[in-house]
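Input: a single structure, listed below in structure tokens.
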Amino acid sequence: MTLTQHLARGREFARTAGDHASDMFGPLLTIGRGLRSQGRWTAKWWGGLPKDRRGPALLVAVAVIAAVALLPYGPLLALLTLMSSAAWAGRDRAPAAEPAPDTSQLKLAAIYTALTPYLVHESDPTPMFSHGGDFKDAFSGWEFDAEGRLTSLELRYPAYFTDTEPHARARIEHVIHSKAGRSREYRFTWDEETNQLQVSALAPLPTDITAQPYVTAQGEVVLGFTDSTSTNRMIPVRQGSSTAHQPPVLWRTGPRAGEPHLLALGTQGQGTSTLLRSLALQALVTGDIVVIDGAGTGEHACLVGRPGVHTVETSLHGALAALEWAANETQRRLDAHNLAKRSGIAPPADTVRPLWLLLDHPAELSELAQAEGRPDPQDLLEVPLRHGRTAHLTVVVADHLDALPRIKPTVRSACRARVVLGPLDPDLAPEALGAPLDITPPSHTPPGRGYARLGVHPPFRLQVPAAPDPLDEETPADQRDAVIALLPHADSRTEAPAGTSLTKPVPDRAERTERTERIEHEETPEERTGEIAAPITPAMQAP
């Protein structure tokens with residue numbers, strides 16, 4: 001054993017011995033402090049006694065001692081009394097620590113004081129909120145968690161408060177959110193009939209759900225996951241290393257969809273491209289897709305050459321060709337459906353197969369087209385947006401939140417399903433989501449975190465499942481494997497061989513002429529509404 005270990009062991013032994021000695025001799029030390037205190041008091045009393053009274057006092061003391069000595073058990077009782085008084089005098093007289101202030105009371109008082117300037121009027125004879133008043137007069141109920149954070153609050157406000165104005169509500173919500181804590185989300189429920197406001201803290205949404213096959217009905221896709229109070233449906237999902245049931249955000253597409261097209265907005269790095277990739281993986285199960293990457297960053301390069309992927313365009317020329325083909329394909333499907341209904345037969349299978357048109361950052365392509373004097377790509381979306389529901393065509397547009405003013409009104413009015421990812425200013429919520437947001441955004445949002453609104457329903461929270469680019473080197477291995485497992489292959493077990501064309505072949509001129517003559521022979525000139533054949537152009541071929 002080294003010298004350092006000997007010294008450490010000696011210090012530990014000395015410390016242990018000292019602790020045991022203090023426990024053993026603690027009462028003796030207390031009595032000793034009491035005797036010393038009584039001795040000081042006796043000396044002080046004797047010193048302050050006049051000299052002419054010292055003799056009688058000493059005589060009385062001797063008489064008392066003699067009387068005690070003559071009594072049965074007198075010396076023992078006197079000793080016990082002396083020790084008891086010494087123990088009492090030598091006790092620890094340190095002042096007790098003051099109790100810590102109740103943080104819940106302080107927070108409620110701070111919220112009450114902050115709301116007073118906005119909920120008081122000088123003409124109110126009995127104000128509910130007043131400077132220096134008690135918060136218990138306005139708050140009817142509150143709850144705090146184990147960490148001292150506000151979880152729920154119920155308050156009453158005066159009837160003259162303009163609770164029907166969105167900006168007045170937003171001001172009150174901002175004040176409460178600032179005082180209660182910006183790290184959490186709070187839902188505000190206004191009851192205009194009884195002049196009550198209920199504030200409830202929302203639990204964080206799970207962020208460990210990756211892209212995977214979902215249990216959905218035909219025509220339903222999963223945008224993400226939300227609170228259990230926002231939907232009455234649960235689906236099993238693989239969450240981490242286990243399986244759990246989570247409430248999904250289901251978006252219904254197809255001919256019977258109420259909101260057939262989607263507009264997704266978000267800030268940089270918040271997951272709009274991930275949302276498009278997640279939708280593409282779900283759409284390829286039963287349909288075909290056309291992807292247009294306006295940013296040209298290669299976020300969707302993993303879809304190139306896959307079965308069901310017509311093309312992935314990153315240039316302006318290719319995007320215009322793809323959108324022109326989508327407009328012609330929409331018209332072709334409409335004509336085929338009209339002909340099938342007049343003939344009383346089922347429409348062709350290729351006209352009822354779902355077709356998805358995914359556009360990522362189209363505003364950048366619009367600026368580039370304007371600079372080059374080319375047609376705006378957003379103008380070519382008018383036909384797919386207007387007739388996409390009947391033609392089994394779904395349009396999904398994703399762009400930056402700052403690019404919202406550059407998105408054409410036609411696109412914004414047709415895309416009634418809205419998704420906003422990332423921090424959202426409450427003043428911008430009516431324009432981005434189409435309705436005011438009754439949830440205060442937190443100070444920090446993870447990637448894929450945002451809000452969604454489908455049709456006329458109120459907005460609700462949304463967490464997009466992780467579907468990163470598998471070609472990115474920084475993508476975690478488990479998430480990369482999850483995305484690759486969902487990508488369609490030419491063979492169910494292997495990747496598609498290199499150089500194999502996975503797109504529809506371009507029909508030659510004789511085939512197009514024969515098909516056109518056959519259709520013209522079946523319908524009269526009065527019934528003909530437009531061109532039937534809309535072949536895929538060479539620009540639509542996948543690289």
Side-chain angles (χ1 to χ4, degrees), residues 210-213 221 272-329 349-350 353-362 364-365 377 384 392-398 465-477 479-508 511 534-543:
T210 58
Q212 56 190 281
V221 293
T272 53
S273 299
T274 299
L275 176 60
L276 285 184
R277 198 176 298 110
S278 176
L279 294 178
L281 295 176
Q282 299 180 63
L284 286 174
V285 177
T286 58
D288 303 330
I289 64 172
V290 174
V291 183
I292 298 176
D293 186 5
T297 57
E299 287 279 345
H300 309 284
C302 62
L303 300 173
V304 174
R306 301 288 177 175
V309 181
H310 288 301
T311 184
V312 179
E313 297 293 345
T314 58
S315 62
L316 177 60
H317 174 73
L320 292 176
L323 293 175
E324 184 178 356
W325 174 85
N328 294 333
E329 176 67 12
D350 61 338
R353 181 175 174 82
L355 177 62
W356 290 66
L357 187 58
L358 308 179
L359 290 87
D360 198 0
H361 301 91
E364 299 185 13
L365 291 177
H392 297 267
L393 189 143
T394 303
V395 179
V396 180
V397 180
D469 184 9
L471 303 181
D472 190 359
E473 297 179 354
E474 299 181 358
T475 302
Q479 299 181 8
R480 179 187 295 110
D481 296 340
V483 175
I484 293 177
L486 295 177
L487 288 172
H489 309 308
D491 187 2
S492 61
R493 297 166 297 175
T494 60
E495 289 281 348
T500 303
S501 177
L502 301 177
T503 57
K504 296 181 180 179
V506 180
D508 54 8
E511 182 181 354
I536 302 177
T537 61
M540 295 298 296
Q541 292 295 323

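Keep in mind that the numbers below use all heavy atoms, side chains included, and drop hydrogens, waters and symmetry copies.
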inquiry  = Within this structure, what is the CG-NE2 distance for the pair L355 and H310, rounded to the nearest 0.5 Å?
reply    = 5.5 Å
request  = Return the set of residues passing side chain to side chain contact (heavy atoms under 4.5 Å, CB included) with P213 (not counting sequence neighbours), or none when no residue passes.
outcome  = L486
query = Between C302 and L487, what is the shortest heavy-atom contact and its length?
reply = O-CD1, 4.0 Å
task = With V396 as reference, evaluate L275, L359, L358 under the side chain to side chain contact (heavy atoms under 4.5 Å, CB included) test and give the passing residue.
result = L358
remark   = Taking every heavy atom of Q479 against every heavy atom of P468, the minimum-distance pair comes out as OE1-CG, 3.2 Å
task = Please name the pair of heavy atoms, one in P465 and one in S278, separated by the smallest distance, quoted to 0.1 Å.
result = CG-OG, 4.0 Å
inquiry  = Quick check: closest heavy atoms across L320 and P377, and the distance to 0.1 Å?
reply    = CD2-CG, 3.9 Å
Residues in side chain to side chain donor-acceptor pair (under 3.5 Å) contact with S273, at least two apart in sequence or another chain = D360
note = Which of V309, L393, T311 passes side chain to side chain contact (heavy atoms under 4.5 Å, CB included) with V290? It is T311
query = Closest heavy-atom contact between I292 and A319?
reply = CG2-CB, 3.7 Å
note = Sorted by chain and number, sequence neighbours left out, side chain to side chain contact (heavy atoms under 4.5 Å, CB included) with T297 holds for D293, A295, E299
message = Using every non-hydrogen atom in the two residues, find where A467 and V483 come nearest and quote the distance to one decimal.
response = CA-CG2, 3.9 Å
